[in-house]
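What follows is a short report on a single structure.
Numbers restart at 1 for each chain; the letters A, B, ... are given by sequence-line order, proteins then strands.
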Number of protein chains: 2
Amino acid sequence: MKHIQNNPKKNVRAMLSAFHAEHSDRIQLDLTHKIIFQKVTNQVALISGGGSGHEPADFGYVGAGMLTASVSGDLFTPPYPEAIVEAIKQTDCGAGALLIVKNFASDVEMFTKAKELAEAIGHNVELVTISDDHSIEDKLTYKKRKRGVAGTVLAQKILGAAAKNGASLAELVLLAETINNNLYTLGVALESAYVPGSDEPSFTLTESEVYFGVGIHGEKGYRKEAFKSSEQLAIELVNKLKRMNHWQPNNSYAVLVNGLGSTPLMEQYIFTNDVRRLFQLEQLTIPFLKVGNHLTSYNMHGVSLTLLKLVDSNWANALKSTTDASHW
Amino acid sequence: MKHIQNNPKKNVRAMLSAFHAEHSDRIQLDLTHKIIFQKVTNQVALISGGGSGHEPADFGYVGAGMLTASVSGDLFTPPYPEAIVEAIKQTDCGAGALLIVKNFASDVEMFTKAKELAEAIGHNVELVTISDDHSIEDKLTYKKRKRGVAGTVLAQKILGAAAKNGASLAELVLLAETINNNLYTLGVALESAYVPGSDEPSFTLTESEVYFGVGIHGEKGYRKEAFKSSEQLAIELVNKLKRMNHWQPNNSYAVLVNGLGSTPLMEQYIFTNDVRRLFQLEQLTIPFLKVGNHLTSYNMHGVSLTLLKLVDSNWANALKSTTDASHW
């Protein structure tokens with residue numbers, strides 16, 4: 001697999017430089033620490049980040065009403081604590097900082113260390129983890145493994161709207177936990193990602209197979225199956241999510257259909273159409289629907305489906321509220 | 001190559017249904033004629049379209065300050081004149097309609113026929129073609145073949161801003177011609193597109209080759225070459241465009257780097273960074289830069305580079321002006 005790159009070690013900084021050039025009228029770049037940020041006043045700073053390769057996450061969500069800063073690591077590798085601390089120093093206006101972390105052990109470790117370092121120099125910092133990936137198969141050993149994946153973007157948006165409206169750090173922590181408890185994502189791959197610096201994909205599929213429940217770094221899923229149709233994928237994912245959600249007719253959900261990198265937008269919308277029809281059969285309503293490449297797995301062919309149960313009537317409005325984040 | 005689809009004949013309508021569901025608060029759908037549109041008052045209606053497979057073009061650009069309507073054909077097949085006429089009837093508020101057509105023979109034929117049909121029932125209609133693809137090699141027979149590709153999106157945005165500001169149909173025709181005369185695009189593929197319904201790609205590349213000058217339907221390019229780096233691609237495309245542009249130090253360009261479908265955003269930004277450095281060496285300025293999947297070739301791996309010479313000082317502002325089009 002060919003990759004448009006020069007020196008792989010410089011990929012992330014080259015990307016951030018170009019992104020900053022595109023958006024220099026509204027964001028700032030700390031190239032040393034690989035931070036994209038906006039200065040804020042009178043609000044809690046929302047900071048997210050993680051390994052690169054998931055673009056437009058997270059730098060594409062830095063903007064008024066969403067994230068205050070993103071900290072990028074190398075490909076599929078979390079940023080160092082020192083860089084995260086620098087992001088806190090750049091954006092904490094005195095109201096504190098909330099670290100929104102996708103639930104992977106190495107990410108949580110780095111952000112937790114950063115929290116400690118920042119607290120030691122006087123910042124008020126809280127950390128919340130997003131663990132929306134419900135890729136579990138009851139009888140397998142990784143039953144409780146809940147990774148942070150595309151649902152993170154919905155959480156970032158609702159938290160961003162709340163922070164802009166003056167929510168306190170404690171209120172945002174509670175809100176994040178409530179969102180996370182109602183956030184469900186499952187992904188399916190038709191083809192593995194092929195990333196720079198790795199000769200082999202992390203899993204292989206035949207010309208007729210799909211893989212349900214894959215992770216965003218190529219983590220294996222819960223079942224391979226012969227591929228038949230978009231409808232088949234939608235039925236599998238919706239049925240799995242139904243078992244966990246215990247939904248009732250007239251329940252409302254925000255729905256995010258996320259392309260994993262190389263999935264044509266046409267295919268994403270065809271899949272979305274199948275999800276919508278299943279929701280109609282279940283008599284569920286979708287006050288908010290979003291489709292596109294939001295948190296990718298480099299160039300994986302596949303989609304993920306995220307459902308957020310709208311237990312709070314404000315959430316749909318928060319999702320629809322304006323932001324100048326480039327990729328929301 | 002697996003594709004997320006059900007019945008291929010229903011792909012486009014399924015896609016449009018889901019897109020409409022996502023954006024039903026601001027756009028309308030005519031599913032019979034595969035039209036996405038907004039009602040406008042006191043302005044010329046701007047209508048574009050063409051074969052599907054180039055998403056988010058063109059429906060993603062329907063919105064205040066950009067297109068009034070898009071008309072979708074089947075995959076890589078232009079819409080029928082009757083559907084285009086229907087779009088004119090739905091959106092011409094009396095100020096007339098401008099058809100913005102990518103310069104492919106079959107598209108021009110269908111839109112020209114629609115113009116005649118609409119004029120016969122009393123509409124004031126003009127047609128402009130965009131022919132930004134400068135994929136020419138001096139000594140080859142297709143020297144003068146200028147296809148309409150990603151630069152179309154920049155033209156749609158500037159024309160949309162002008163129409164919203166009250167420009168007349170005649171003024172918009174003149175503006176479109178001026179834009180087109182200053183619009184240059186060249187693409188490069190690392191891998192062909194693989195589209196539903198076609199067992200074979202239109203060209204094949206080895207694991208080490210790239211193909212300069214490809215079209216958006218898999219049309220062959222002007223040269224295959226061993227792939228070395230992002231910088232190599234940027235140098236080739238910028239040098240070719242330089243020969244046609246005769247630019248001078250301090251000339252200003254709007255730059256669009258367009259992903260062709262399966263190109264990771266990271267690779268698009270790395271390429272953009274190389275283009276920026278070459279522009280700096282040439283002492284050119286970039287008041288407007290945009291990066292992303294804007295006019296794709298289904299799932300082709302590659303990028304196109306569009307330069308718009310900013311001979312009119314209003315154009316950069318028009319490009320930066322607000323629109324509610326979903327994918328600008």
Salt bridge present between Lys34(A) and Asp74(A) (N-O < 4.0 angstrom) =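 Here Lys34(A) pairs with Asp74(A) in a salt bridge, since their nearest N and O are under 4.0 Å apart.
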ask   = When you check the gap from the basic side-chain N to the acidic O, do Lys320(B) and Asp25(A) get nearer than 4.0 Å?
value =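 No, Lys320(B) and Asp25(A) are not salt-bridged.
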Counting only non-hydrogen atoms closer than 4.5 Å, does [X] touch chain A with its backbone (N, CA, C, O), its side chain (CB onward), both, or neither?
| X | value |
| --- | --- |
| Ser52(B) | both |
| Phe59(B) | side chain |
| Leu190(B) | both |
| Ser72(B) | neither |
| Leu75(B) | side chain |
| Phe227(B) | side chain |

query = Side chains of Val12(A) and Leu16(A): closer than 4.5 Å at any heavy-atom pair?
reply =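 Touching, per the 4.5 Å side-chain cut-off.
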If you count heavy-atom pairs under 4.5 Å with chain B, which of [options] comes out on top?
| options | result |
| --- | --- |
| Lys228(A), Gln232(A), Glu209(A) | Glu209(A) |
| Pro196(A), Ala21(A), Ser326(A), Pro264(A) | Pro264(A) |
| Met266(A), Glu22(A), Glu207(A) | Glu22(A) |
| Val275(A), Val291(A), Leu233(A), Asn299(A) | Val291(A) |

I'd like to verify something: which residue of [options] has the highest number of heavy-atom pairs under 4.5 Å with chain A?
| options | result |
| --- | --- |
| Ser17(B), Ser208(B), Gly261(B), Gly292(B) | Ser17(B) |
| Glu267(B), Arg277(B), Gln268(B) | Glu267(B) |
| Glu231(B), His301(B), His3(B) | His3(B) |
| Lys2(B), Met15(B), Met1(B), Glu55(B) | Lys2(B) |

Would you check if the distance from the ring center of [X] to the ring center of [Y] is below 6.0 Å?
| X | Y | value |
| --- | --- | --- |
| Phe76(A) | His54(A) | yes |
| Phe203(A) | Tyr211(A) | yes |
| His20(B) | Tyr269(A) | no |

Establish, from distance only, whether the side-chain atoms of [X] and [Y] form a donor-acceptor pair under 3.5 Å.
| X | Y | answer |
| --- | --- | --- |
| Ser70(A) | Ser48(A) | no |
| Asn258(A) | Asn293(A) | no |
| Thr185(B) | Thr306(B) | yes |

task = Side chain from CB out, backbone as N, CA, C, O: work out which of these in Thr322(A) comes under 4.5 Å of a heavy atom of chain B, or both, or neither.
result =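 Answer is neither: Thr322(A) stays 4.5 Å or more from chain B.
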message = Under a 3.5 Å distance rule, please check whether Thr263(B) uses its side chain to pair with a backbone N or O of Gly302(B) as donor and acceptor.
response =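 Yes; at least one donor-acceptor contact below 3.5 Å.
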